[in-house]
Undergrad: 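I'd like to ask you about the structure that follows.
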Number of protein chains: 2
Amino acid sequence: MPGIARWRDNLPTELCRNRELEIMLHLRILCRANNRSTALLVKPVGSGSLCILKNKYLLHKRRYNSSHENFSKDEHKKYIGCIGVVSILGFYYYYTSNKRRAFAREHKIESHSGQRSSPGEFDSRYKSYTLSEVAKHDNKNVGIWVTYKQGVYDITDFIEKHPGGAGKIIMAAGGSIEPFWMIFSNHNKRDIYDLLESMRIGNISKEEASTAVEGMEDPYANDPQRDLFYVRNHLPVPDVDPQTYELEIAIEEDTMKVLRLDDIKKYPKHTVSSTIMCAGNRRSEMAKVKAVKGLSWSVGAVGNATWSGAKLCDILNELNVKEEDYEHIQFEGLDLDPSSTPYGSSIPISKAIDPKGDVILAYEMNGKPLPRDHGFPIRVVVPGVVGARNVKWLGRIIISKHESQSQWQQGDYKGFSPSTDWDTVDFSKSPAIQELPVISAICTPQSGDQVVVQNGKIKVAGYAWSGGGQKIVRVDVTIDGGDTWHTAEFFGQDLSKPGRHWSWTLWQVEIPVKEGDKNVEIWAKAVDSMYNVQPESFKNIWNLRGVLNNAYHRVKIDLK
Amino acid sequence: MPGIARWRDNLPTELCRNRELEIMLHLRILCRANNRSTALLVKPVGSGSLCILKNKYLLHKRRYNSSHENFSKDEHKKYIGCIGVVSILGFYYYYTSNKRRAFAREHKIESHSGQRSSPGEFDSRYKSYTLSEVAKHDNKNVGIWVTYKQGVYDITDFIEKHPGGAGKIIMAAGGSIEPFWMIFSNHNKRDIYDLLESMRIGNISKEEASTAVEGMEDPYANDPQRDLFYVRNHLPVPDVDPQTYELEIAIEEDTMKVLRLDDIKKYPKHTVSSTIMCAGNRRSEMAKVKAVKGLSWSVGAVGNATWSGAKLCDILNELNVKEEDYEHIQFEGLDLDPSSTPYGSSIPISKAIDPKGDVILAYEMNGKPLPRDHGFPIRVVVPGVVGARNVKWLGRIIISKHESQSQWQQGDYKGFSPSTDWDTVDFSKSPAIQELPVISAICTPQSGDQVVVQNGKIKVAGYAWSGGGQKIVRVDVTIDGGDTWHTAEFFGQDLSKPGRHWSWTLWQVEIPVKEGDKNVEIWAKAVDSMYNVQPESFKNIWNLRGVLNNAYHRVKIDLK
């Protein structure tokens, strides 16, 4: 498993968690002439500044001491790689050490992890089994066993407590969990290994252990070079041949239509400029209140692009689908988990069938064929709606009375009260996140920056966005704890129709600082066209999954 | 002017301001069988409790010592009257004493108010004029004079500073302001009189003074008995004869159609259950941060009812109006100001023309003909949109490329930064409020209540609502400053389609209290289906007009 080992040992979680992540945003200035693309690059925490320039990907250098033009393609790749790796890491971090300890306590399991240098290695204190003996333990009546390398584990009591759901973990019953952990690579962490070892009951031979992953290759080895636009995939990127690509359209169980790529391109081509944002954007800030599960995103789990493709409503109308007869439109990707279950998600039919909803089956991004990382050959773009519903590598559309039953619709991407924890959470009680609430972020300066005061002022810039097509009507910024708010100016003019403001708003403001001030904390908050505002702090919007992180963004800087 | 004198001297402002107002809400429990109406009555501060009962208007008595059934119709009327009077007071309070002092300072005007017992009375220190002399001073070249009782005033320099707009005040140039102040009765206050007297230049005779209001009657004398549903009218209630009533439909300046009441009733009848809320609901809480202009509403500037009428989109379709050709639908009421300008407002055409927008020309409220106070014979109901756009006594609909140019659309009902004040405000910079943000309120207990702890718990109940058809998905309540949040239960089940949740959500929750606690502060916050949340406090959403008051509702109570 060279791939997994490489990711685990070198880069991913820590790189992401300590916020030393290169966050890159691929922006498009709203309503500017020629639909030209623009890059907004946010440098690593503590070293960056924001630059917004037309038609180029540029990095405003300070520490790296190179000019815009000298910033080489290789250096780009380095940064792009960082994003990619973090994205690949995928899925979420199920187990905190608290959870693990609680489980071990509850089950009176003694942890031997201290006595073992690496997980799954031979441990002479345990009995030896053969793979065929392990294979018999694939149900609750006889106990459920799994192997990891040379270790044998009894996970019977853990099945129902698996945060990823009992359904997934049961698939490994009587066999090795290694193929699953190659996909859900978030498991490759010390505390997960410790939890596993706390359930240790035996060994298998070195020869048998090697058969578990025989012939298997790194499932992510074929993932593409990462783009500037943020990437958050849940499973390895499929390699789809456009010549043989087929999109199935079904009503409940019945296939109504199969569209090839050329067929999709025959529908009227519709272009929409839309921001896509991960529900976990800015999660790292919420995590400071109390630990949450999920990738520790800073402000960069968001991007904006123009997308072109067929309108979903045209296809639904062609099938004579009536809004009142169904409730949801489900999407399935061609990206599969080890049980061949595709990534899945759904949106309300009212959004899908509304011509003004601008939902498209996109085959172009910024005027070029969709990159593999963004869903080549077809991705559904659902403007104003959380990234998780903008399903990539679209394989199937199901018109249904029911929501998608996927883990990502039913057991993830939902909001809860700050007092709901992993022991009390009932995912069926909260609605799946669709349209996202109003949010903003300061991109420059960044926390810890040394900012030069010019003419008694500092410049602050960032983005703001609201789901559901709501327009950003105001961004207020303060450096004195809210005693004085400075209203920001917007870049460009948003001429979208009411309720169809799908693109983010880029803003900047100059704020006078008091002479002698050595440091300030900048706060930003946005207001949308419903006059919804951001909450002040994370404490009262905290939720165990760390989603919907839209409290005021606060950035402490030094002045010089 | 018996009417104005009566209102000023006896009841209105103080009654409203000190929150000893009987707040009455006329609710309809969502999705219950038979569409039965329900009354939710909130008693005066310090004495009330909430009761929700079907098909009856009942007041849960404690202090008044009478049972539900014994609560007489007359007593009802008393409470109803309170609401009515407060509503009639109308319009907003333009002048704070700060403003007045600043103006006087700026113009080096000495206030003589201390030397005069009542405004406009004869003052021997000034020269005498005749009405015809005053009448000549009706433009800036010669100066603009007005009279009030026996006083003559030079308001030339004040015209541009009039918070109600220069256009309105100029209409009184060369004459008496008394007819205007009979309508805009918010002027009948000590600080306004003082401001007026600071501009005093002369006297007219008692005989001439009496002619200013000769033949004029109290313009509000014909206003109806007030309903349980909140009333916020801006002008006196017109008395419309349904036999001669006509609704004009125009495209820009051209009248396209004139509909009589019977014509409107011929369109398919559409019934929608919708909350209507004033933008100033809960203004009294924001005013605690810093003074704001407007009626000092507590939590009662809101109501919920079923409304039946013709769908506006049916009428627009009949005229073959295309959304892309226009921008706004303007509404004019039959209620007129002294210059015969009607109350006016507009909404985006996208809302008006969308069949799912549920905009109706309502002729029934809760299954009965619209009461006069609510717009008889026709009111436009714009679900999910601020009360100010739900124009009553509808006289004219204008399909236009432009917003309504009325004061209520252009110079009022807009949000601003907390740092915008009356010296810096530019109303053209903010969009007119349409859909309102997510809000909730605790109706029981109320601040200062003595609450009996039962089985270690207290009961808390209230309403929550979000504009734009967003559903309320959760209400959280805390009594420990947000360390523990209790998720409330909802009354009934909201089966509305996505984006069409027009009715409020009624909630209640039982919260355990610590033994020995003598008092607690209850906070409530709601979350809507976009996962928008309420802001924590008023400081950072404060705005000079005191609108959009959706911070957490906080209620301090004593326990016993």
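Proteins come first, then strands; the chains are lettered A, B, ... in the order of their sequence lines, and each starts at number 1. Below, all heavy atoms of this structure are taken into account, side chains as well, without hydrogens, waters or symmetry copies.
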Undergrad: Could you pull out the closest heavy-atom pair between A:I541 and B:V533, with the gap in Å?
TA: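 The pair with the smallest heavy-atom distance is CG2-CG2, 4.0 Å.
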Undergrad: Non-hydrogen atoms of chain A under 4.5 Å away: do they reach the side chain of B:V473, the backbone, both or neither?
TA: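 Contact with chain A is through the side chain of B:V473 alone.
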Undergrad: Measure B:P431 against the heavy atoms of chain A and call it side chain, backbone, both or neither at under 4.5 Å.
TA: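 Both backbone and side chain.
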Undergrad: Among A:M530, A:H486, A:E435, A:Q534, which residue forms the greatest number of heavy-atom pairs with chain B at distances under 4.5 Å?
TA: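 Among A:M530, A:H486, A:E435, A:Q534, the one with the most close pairs to chain B is A:M530.
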Undergrad: Using a cut-off of under 4.5 Å for heavy-atom pairs, which of B:G415, B:A551, B:P348, B:S466 has the most such pairs with chain A?
TA: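 Between B:G415, B:A551, B:P348, B:S466, the count favours B:G415.
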Undergrad: Quick check on the interface: out of B:Q434, B:E327, B:E323, B:K429, who has the most heavy-atom pairs with chain A under 4.5 Å?
TA: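 Among B:Q434, B:E327, B:E323, B:K429, the one with the most close pairs to chain A is B:E323.
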Undergrad: Output every pair passing salt bridge (Lys or Arg N to Asp or Glu O under 4.0 Å) with a member in residues 465-484 of chain A, not counting sequence neighbours, ordered by first then second residue.
TA: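 Listed by first then second residue: A:R474-A:D476, A:D476-A:K525, A:D483-B:K539.
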Undergrad: What part of A:K356 lies closer than 4.5 angstrom to a heavy atom of chain B: side chain, backbone, both or neither?
TA: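 Contact with chain B: side chain only.
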Undergrad: Using a 4.5 Å cut-off on heavy atoms from C-beta on, say whether the side chain of B:S537 contacts that of A:E536.
TA: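 The answer is yes; the side chains approach within 4.5 Å.
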Undergrad: State which residue, out of B:V547, B:V386, B:I433, fulfils the side chain to side chain contact (heavy atoms under 4.5 Å, CB included) condition with A:Y531.
TA: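 Passing option: B:I433.
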Undergrad: At a 4.5 Å cut-off on heavy atoms, which part of A:T487 comes close to chain B: side chain, backbone, both, or neither?
TA: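 Answer is side chain: those atoms of A:T487 sit under 4.5 Å from chain B.
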Undergrad: Do B:N540 and A:W485 have side chains that get closer than 4.5 Å, going by heavy atoms?
TA: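 The answer is yes, as the side chains (C-beta and beyond) meet within the 4.5 Å cut-off.
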Undergrad: Counting neighbours of CD on B:E489 that are heavy atoms of other residues, nucleotides or ligands and sit closer than 6.0 Å, is the number greater than 12?
TA: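 Atom CD in B:E489 is not crowded, with 12 or fewer foreign heavy atoms closer than 6.0 Å.
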Undergrad: Give, as side chain, backbone, both or neither, the part of A:F416 having an atom under 4.5 angstrom from any heavy atom of chain B.
TA: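 Contact with chain B is through the backbone of A:F416 alone.
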Undergrad: Among residues at least two apart in sequence or on other chains, which ones pass side chain to side chain contact (heavy atoms under 4.5 Å, CB included) with B:V380?
TA: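 B:V380 satisfies side chain to side chain contact (heavy atoms under 4.5 Å, CB included) with B:F331, B:V359, B:L361, B:V382, B:V391, B:L394 only.
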Undergrad: Is there side-chain contact between A:K497 and B:S350, with at least one heavy-atom pair below 4.5 Å?
TA: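 With C-beta onward as the side chain, the pair stays apart.
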